[in-house]
Amino acid sequence: MKTHQHDVIILGAGGAGLMAALYASRTVRVAVISKLYPTRSHTGAALGGIGAALGNEEEDHWEWHAFDTVKGGDYLTDQDAAEILAREAIDAVIELEHMGLPFDRTKEGKIAQRRFGGHTNNVTGKPVRRACHAADRTGHMILQTLYQQCIKNNVTFFDEFHVVDLIMNGDKPAGAVAVCLRDGSLHLFHAKAIVFATGGWGKCWEVTSNAHSMTGDGAAIAFRNGIPLEDMEFFQFHPTGLYPTGFLITEGVRGEGGVLINGRGERFMERYAPKVKDLASRDVISRAIAIELREGRGIKGGRYLYLDLTPETVRRYKAEAGENADYYTPEYIETKLAETCDQGRTYAGIDPVTEPLPIQPTAHYAMGGIPTNVNAEVIADSTNRVIPGLYAAGECACVSVHGANRLGTNSLVDLIVFGRRAGLRAAEYARDASFVSMPSDAGRKIESELNRIRTSNGSTRPYVLRKKMQSTMQDMVGVFRNGKDMQKALDIIRELRREFATNIRIDDRGSTFNTDVLEAWELGCLLELAEVTTFSALNRTESRGAHAREDYEKRDDQNWLKHTLVYRNGEEGLRVDYKPVVITQYQPKERVY
Amino acid sequence: MQATIRIRRFNPEKDKKPYWATYTLQDCEPTNRVLELLHRIKWEIDGTLTLRRSCAQGICGSDAMRINGRNRLACKVLLQEFGENPKIQVEPILGLPVIKDLVVDMEPFFAHYRAVMPYLVNDSPPPIGPDGKPRERLQSPEARARYDDTTKCILCAACTTSCPSFWANGAYVGPAAIVQAHRFIFDDRDQLLQERLDVLADPDGVWRCRTVYNCTPACPRGIQVTQAIGEVKRAIRAGKRDY
Amino acid sequence: MTSLVLTITETLRYRGKLGQWAWALHRVSGFGTVVFLIMHVIDTSWATFYPELYVKAVDAYKTPLFTVGEFALVACVVYHALNGFRIALFDYRPQWWRRQEDAAKLVLLGTLVLLVPAFFIMTGHVVNYYNERVSAFDLGLEKVVEATAPFAVGTVVVIGLALIVSAGASLIPALNAPKKRLKGSKMETFMWSFMRISGILIIPLVFGHLAMMHLIQGVFDITRVGHVPVFTNLGPNMNETLTAVNFVRLRWDTMLAGVYIWRVYDILLLFLVTLHGFNGLRYIINDYIHNRLVNRALRIASFGTMIGVILVGALAILQSVPATTAEMLSEASRAIEMSINSGILVR
């Protein structure tokens, strides 16, 4: 096994990874290890905007942003983290602009902002223009801009190196193991500090906005190495996935004035969120859609509703609200929502400028993940004990800044704010720390596991297991959940894990670009995370944010205003622990939009 | 319906040279994408089939390949465009060395990308807001619109590998790199204009473009690639941004 | 060479749109025209330097194979000219690119529109020739071989010499350092502009030339009895000797017009076409030949040939000036003498 040595290694090259790389590389030797070319990362699929209280379009304050984040998270958000997020978002967005990010502009030349779900003027309760955007490809532009700056600063990249394990010496992290896709060789990366920025695991579900590569590798690796996972029961379903593929239609559509319509032609969100209507937070709207569908008000009785952004409809509702809507022309839609237009035309055969889009909720974002403090340092237990040298940022991490439900645009803010903190803190640590010595058997365990997969000769192809897992999670651990179904789901997933360990079949036994083996290995990660998710969800007997239980319909602050931590306990078992929520200035109250 | 797919396959560990393999799939839907068919072959029939893909929705740029003779993203091509009994031919993009099946070596492509200095340089101090903190540099909506089209690029290489000049001579930086350069050349916040124009005035820079126009229809993002290259040529001749 | 083969096969396989075919045709027609140009300039210069060789060349030009070649040449020149205009236009206004395909169609249509009457007239010349002067159809292969062999041999010799020079050059380390990074080339930038500007200028010149030498009069007319070279003020029987050499001399020597207008016209055409053509050839060499040694050799060979063609052509046109001037002066004095004799001036 070839060994590389760097002060800091960053696992994953999405927004958080690149941001961390940029900052860490200013002072120490950094390598970014990514299973994809950096520009393929799923940050690029984020569309509508990045929230920051710049106040360019109307009055806004970071305190409002912080409160909206806490309220959006149904008070499970750690409020110190939310304050940092909202405050540093402003600097971060300005900094992105200085890096060259081509934000849309106001007439005065400032960064343009649009409305987004859950972002409000705290005085009036009306939606506020806070989402800074570059058309509807903000994530794409952030990813490109950060990668560009990394090139400018000569950051070292190991592209298409698939990280498959951590190297621990006792309980101290010493590095990571990665497979070079090109020739299948294993490489050991010896480092003082390791930053997880590996993204989410939406591929646990059948209908998802996530990329095929969103398989939660980092979270699973951490978990296998004794690190707990926090708040895994909270997984966001985005209300507007394109039907039937589940591809994301940006919330920016509703920010620009688009409305949700049911089979009776009603703007049903008026009933569920009278004040902000279609701009309520995502969990609220996804539940509303699920209810509309369950009660037979889908379009033509089908499993989808309409998202209408045609000028005719939008202008009518804007006029009703007393707003000027003359600017909202087909040309305006084509520029402000270019990606949406392309998606509708390509994948649904529908021109969103003239017809409404068919939509359904789609598995979108993991609020939970590797537990960290506000400095992105990974913590080991409920006492917030830091594991020196280990960091996590972005979707794979749980600060927890999103609580039980993330607000739109806050994922990008999270990447930038906590990616930067991870990079700075990791570099600072690496400057003073020395390398933890490599254990002599470094990488041996994962090597034999990969060999097992490569040579496995069972009867079940991995895709069969994956499909079964995805449909199980979709049906039983989706927008609405109940104890009976989730117990069933847990049993099924555990059975699938056994099958995966003993009876899979692999065709490709070669070493060059063997995606057959690595996809199977990714399935192992997904199964692991699906199990933890279901276990956590079954354990939490209340409804909060994205976790909506039919058998426990109310939020229960008395018993459940706390974070879940789940540990692996032996090969089969899981152990649960809890961690208090940090509350600073926003006392929990009922959540209405 | 039934779909027939011919795939140009090559495994360096087994094959001396590439060959065509044909697969037949039942129960295909007109709305299936080519990527889904490739996945079905990989998952249900032959796990050794190798391709790159990630987002499957046309934004990550992993799965550029030559589909029925033209460079496309496999995730953006729906079966319905090939009629009742679709026959589809898939092969790797041309001009970059094939690693395995549909996977090509992207390193030369990214080397060209890096060569055009694809990053904004602006060393002047940013404006300061009333609170004493740095604020955004102002840019008019018109100035922003000037380079809007080329910010859409996802570096999938569909354009570069559709270009006969690039097939013939891999030293040519190719359309994608020029598109990236265009994005900065026409951004009025950038201060590296002359250096970038100099680099692109190389014989292996824009001047190897013969206006074949293959790149423009190949772009899955609808970027007007040849126009962008033409504008860069004009900027080089004029030695300035607003020629 | 592999890259050339690959480009050809893949251009045929790739389902590019019309732009791709326009580009392919532009390359092929340009290359064909350059090859003809080399032969043509050298052959025609013989009219000044080695009249007997020129006679032979014109003889060969009348053989059927060359006749076919002549048709192809005219087609190449017309297409290359119109498409070149299209290229220059869209380089000047890149934002019009959406119309480039329409333009490519127009170019094809325009080529057709120009070629139909041109070929009609040219066919007329051919038919006339065979009707009036030739009794039996003769491929005249020996003549063809005789006319082309020196060029084939010359090509081999020149490339051979260039390979030797190139091999010598490869011993100089400074010339062989691998290119590290892109750096702008003023020459390349200039040549790009030159190709467009010269291309536009060439269009009227070469169309005029084609009209005069291939349409209004054919190759066969050069030595025809009673033929009047167009745009000359000479009477029908001036070319008493009926030789090709005389024809060229007559055209260049048509009084003052010959000294100035025709020579300037031909010199301009010679320079622009040769520079344009050989730079095109350089593009082709650099695109498809990547072996350092061979690439350099071919560039040296083509550069040398270009210099040769320009020198030979220019000298041929200018060489005859002194003779013509002397002749014109004596003609003038003779005229004065005659008028004095006839008493015009006296009265």
Side-chain angles (χ1 to χ4, degrees), chain B residues 66-71 89 91 94-95 111-112 114-117 161-173 177 194-218 224-234 236-237 239 243, chain C residues 2-24 26-27 83 86-98 100-101 103-104 179-193 195-196 280 282-284 286-290 295:
Chain B
R66 198 193 277 191
I67 297 170
N68 282 9
R70 288 199 286 132
N71 283 2
Q89 182 170 298
E91 55 196 303
L94 183 73
H112 288 319
R114 290 190 293 267
V116 302
M117 301 180 280
T161 57
S162 76
C163 173
S165 278
F166 183 76
W167 301 338
N169 192 338
Y172 172 36
V173 294
Q194 284 311 325
E195 288 83 345
R196 242 188 287 279
L197 291 182
D198 267 359
V199 162
L200 286 162
D202 194 87
D204 288 326
V206 286
W207 304 131
R208 211 171 283 292
C209 165
R210 314 289 184 217
T211 48
V212 179
Y213 292 97
N214 272 2
C215 50
T216 307
Q224 295 158 25
V225 185
T226 321
Q227 175 181 341
I229 299 173
E231 289 175 355
V232 171
K233 287 174 181 167
R234 292 216 58 191
I236 289 174
R237 293 237 298 105
Y243 50 79
Chain C
T2 46
S3 116
L4 179 60
V5 173
L6 178 115
T7 305
I8 293 170
T9 52
E10 292 297 330
T11 301
L12 293 172
R13 286 190 68 238
Y14 193 83
R15 279 183 36 215
K17 298 197 173 168
L18 203 52
Q20 179 184 305
W21 301 110
W23 159 79
H26 199 75
R27 285 245 136 144
N83 192 55
R86 163 181 163 270
I87 291 172
L89 181 69
F90 285 91
D91 281 333
Y92 181 63
R93 283 280 176 269
Q95 65 272 33
W96 290 349
W97 72 272
R98 272 174 223 280
Q100 66 83 14
E101 201 150 276
K179 184 169 158 181
K180 281 205 195 72
R181 47 181 222 91
L182 301 180
K183 49 182 195 303
S185 156
K186 291 227 156 49
M187 200 276 262
E188 207 61 39
T189 308
F190 170 78
M191 285 319 288
W192 185 82
S193 306
M195 289 302 267
R196 271 110 197 117
R282 186 178 67 92
Y283 285 164
I284 291 179
N286 281 338
D287 275 359
Y288 303 119
I289 312 294
H290 302 316
N295 174 286

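Side chains included, hydrogens not; waters and symmetry mates left out as well; all remaining heavy atoms used. Every chain is numbered from 1 and lettered A, B, ... according to where its sequence line falls, protein lines coming before strand lines.
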Heavy-atom distance under 4.5 Å between the side chains of C:L182 and B:V173, does that happen here? yes
Quick one: does any side-chain atom of C:H290 pair with a main-chain N or O of B:A168 as donor and acceptor, under 3.5 Å? yes
Would B:R237 and C:T189 count as having a side-chain donor-acceptor pair, cut-off 3.5 Å? no
Checking B:N169 side chain against C:N286 main chain: does a donor-acceptor pair fall under 3.5 Å? yes
d(C:K183 NZ, B:E195 CD) to nearest 0.5 Å is 16.0 Å
For chain B, which of C:Q20, C:M187, C:K186, C:R98 has the most heavy-atom pairs under 4.5 Å? C:Q20
Min side-chain heavy-atom separation C:K17-B:N214 under 4.5 Å: no
Applying a strict 4.5 Å limit to non-hydrogen atoms, the region of B:T216 in contact with chain C is side chain
Answer yes if the ring centres of C:Y283 and B:W207 are under 6.0 angstrom apart, and no otherwise. no
Pick from B:T226, B:D204, B:V206 with the largest number of heavy-atom pairs that fall under 4.5 Å of chain C: B:D204
If every non-hydrogen atom of B:G230 is compared with every non-hydrogen atom of C:P94, which pair is closest and at what distance? C-CG, 3.6 Å
Greatest number of heavy atom pairs closer than 4.5 Å to chain B - which of C:E10, C:Q95, C:R93: C:E10
For the side chain of C:Y14 and the backbone of B:N71, is there at least one donor-acceptor N/O pair under 3.5 Å apart? yes
Does a salt bridge link C:D287 with B:R210, judged by any charged N lying under 4.0 Å from a carboxylate O? yes
Interface moiety of B:Q89 toward chain C, non-hydrogen atoms closer than 4.5 Å: side chain
From B:W167 CH2 over to C:T9 OG1, what is the distance, rounded to the nearest 0.5 angstrom? 9.0 Å
Tell me, for B:R70 versus chain C, whether the close heavy atoms (under 4.5 Å) come from the side chain, the backbone, both or neither. both
In terms of heavy-atom pairs under 4.5 Å with chain C, the winner among B:A115, B:G95, B:A171, B:S162 is B:S162
Within this structure, what is the CZ-OG1 distance for the pair C:R86 and B:T211, rounded to the nearest 0.5 Å? 6.5 Å
To the closest 0.5 Å, what do you measure between CD1 (B:I236) and CD (C:E188)? 11.0 Å
Considering only heavy atoms and a distance below 4.5 Å, find which of C:R181, C:M191, C:Q100 pairs most often with chain B. C:Q100
Interface check, chain B: of C:W23, C:F190, C:F90, most non-hydrogen pairs under 4.5 Å belong to C:W23
Is it the case that atom OH in C:Y92 sees more than 12 heavy atoms from other parts of the structure closer than 6.0 Å? no
